[in-house]
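Structure first, then comments.
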Amino acid sequence: MIQAAVPWWANAIFYQVYPRSFADTNGDGVGDLDGVVAHLDHLSRLGIDAIWLNPVMVSPMADHGYDVADPRDVDPLFGGLAALERLIADAHARGIRITMDLVPNHTSSKHVWFQAALAADPGSPARERYIFRDGLGVDGAAPPNNWVSVFGGPAWTRVTEADGSPGQWYLHLFDAEQPDLNWENPEVFDDLEKTLRFWLDRGVDGFRIDVAHGMAKPPGLPDMTNPDLEMLTLDDDDPRFNHDGVHEIHRGIRSVLDDYPHAVTIGEIWVFENEDFAKYLRPDELHMGFNFRLVRAEFEATSIREAIENALAAASLADASPTWTLSNHDVEREVSRYGDGATGLARARAMAMVMLALPGAMFLYNGEELGLPNVELPDGALQDPVWERSGHTERGRDGCRVPIPWAGDAPPFGFSTNPDTWLPMPPDWSALTVERQLADPDSTLAFFRTILQLRRTSFHFTEYDVEWLQLRDDALAFVSGGVLCVVNTGTTALPLPDGELLAVSAPLVGGELAPDAAAWIATD
Ligand code: GLC
């Protein structure tokens, strides 16, 4: 059963804003926080409960903000601290909460701590804040172990010592500009506590915690057995992640959060064993954890059902609220993932109805409500460090980060006054602008507004569970919150059970549910 005193986040709709790509108010071609303020009407119309902002702290932007040089200030590119304060005030006035990204696993290489570590000697306290080791082999010329960076290439970079000699190596699970912190050093937690309080005292309503399964490293840093893992593939034996010591760190974070009972933590937890995943959600650790099963599910009835059952089971092991997401700034947009074109869009709309019918917290990614596809960008436009680090074999994540088209008939579609946007916008997005879709009752935006509204008014969630019905092998059907959700993943129309039709993702065909479509039917 859902507890009587349900916290605000338990069934909330979070809307992820990728600030670089949302809206630019100062004409530099990169989005900023005043751009979010300027478009709060759009978010109010959707009826979201909270915004999750990707990192806006001071950063050289080697990984677009996930390389933080000063965790307690906002980068001037995004408008500085004053712009965030304006956003918090204006969003709160509309009843929209603001959650921020927090990056505790690593800092930027430009952080004062890392600069001090580079200037200091091996073994010095300054180096102890990061993970420096001597190399192996003759003259320490080989990295300390075989770990690979999630972005490609080795996870170690060798430094030059103050006397000019080839020196130690430092660990970076991501880009070389993102050195991993040494979480065994108590200074690291003390500093994070300051950061948490800094933002919470300014009215922030919580944090999405980046790489929440990282941070702690196993003693001796044993080799990986499978160093050929692709990015975002999972191997629960991977020594780089999910070391048991991470739970102590989460308990520390929670002890700070408990001083701010209004605030939530949501961990990015790429851990696939449910028992292991649930450990992060114990009562003294994170409030919620991202579950990525639905992102990985094919548009196929069994695959979707397994993902849902699994995510519900994982959350229930910890008595936590389940979380659902179909896309974010790291994965290919769902329209493209499900087959692109009209089919991809139809399936993405159907999957939005699946997700929004489920009990728990929802995470929408900006542009999802417009049905944006991934963009094939030319080589010269690519900015994700993955492109360089993979030796130009992986194109990276830029294709899902292209700026939002707001209005007008040509790029930059009201995103900026500057035609030179940080990623180029496809001319054919003229059909997908917010302006165009607001004027069209059949648009994907109109559809999202309808289903988001219905989620608030027609669903009555009393438990974190759903009841499955069997209609046909190539169909999915479940009752949740008093509503029957039916999805046709097959190739022929599907007769619908009786009942009041609340919503459909595509027009019925002869009174039946079209392939690649979903329907909501009232059950009481
Ligand atoms: C997380 C973020 C991703 C970032 C990485 C390193 O996976 O979602 O965008 O590149 O962490 O911080």
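Both ligands and their constituent atoms are indexed starting at 1 by order of listing. For the single chain, residues carry numbers from 1 onward in sequence order. Below, each value reflects all heavy atoms present in this structure, side chains not excepted, and no hydrogens, waters or symmetry copies.
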Margin query: Tell me whether ligand 1 is touched by Phe151 - counting only heavy atoms on the residue side and a distance under 4.0 Å.
Written below: yes
Notebook entry, point to check: Given the side-chain rings of Trp156 and His172, with only the six-membered ring counted for Trp, is the space between their centroids under 6.0 Å?
Noted result: no
Notebook entry, point to check: Heavy atoms only: which of Asp210, Asp330, Val211 is nearest to atom 8 (O) of ligand 1?
Noted result: Asp330
Check: What atoms in ligand 1 come closer than 4.0 Å to a heavy atom of His106?
Finding: 6 (C), 12 (O)
Check: Is the cationic atom of Arg20 (NZ for Lys, CZ for Arg) positioned less than 6.0 Å from the six-membered ring centroid of Trp422 and within 45 degrees of its normal?
Finding: yes
Next item on the list: Taking the six-membered ring for Trp and the single ring otherwise, decide whether the centroids of Tyr365 and Tyr15 are under 6.0 Å apart.
Entry: no
Check: Looking at His329, which atoms of ligand 1 are within less than 4.0 Å of one of its heavy atoms?
Finding: 2 (C), 3 (C), 8 (O), 9 (O)
Next item on the list: Can you sort out which atoms of ligand 1 are near Arg397, meaning under 4.0 Å from one of its heavy atoms?
Entry: 3 (C), 4 (C), 9 (O), 10 (O)
Item checked: Glu184 atom CD, over 12 foreign heavy atoms within 6.0 Å -> no
Check: Could you state the interatomic distance from CG (Asp191) to CG (Leu196), rounded to the nearest 0.5 Å?
Finding: 10.0 Å
Item checked: Heavy atom of Arg401, distance to ligand 1 below 4.0 Å -> yes
Check: Which part of His64 is near ligand 1, with near meaning a heavy atom under 4.0 Å away: side chain, backbone, both or neither?
Finding: neither
Check: Are a donor atom and an acceptor atom from the side chains of Thr323 and Asn291 found within less than 3.5 Å of each other?
Finding: no
Next item on the list: For Arg208, take its heavy atoms, then give the atoms of ligand 1 lying under 4.0 Å from any of them.
Entry: 2 (C), 8 (O)
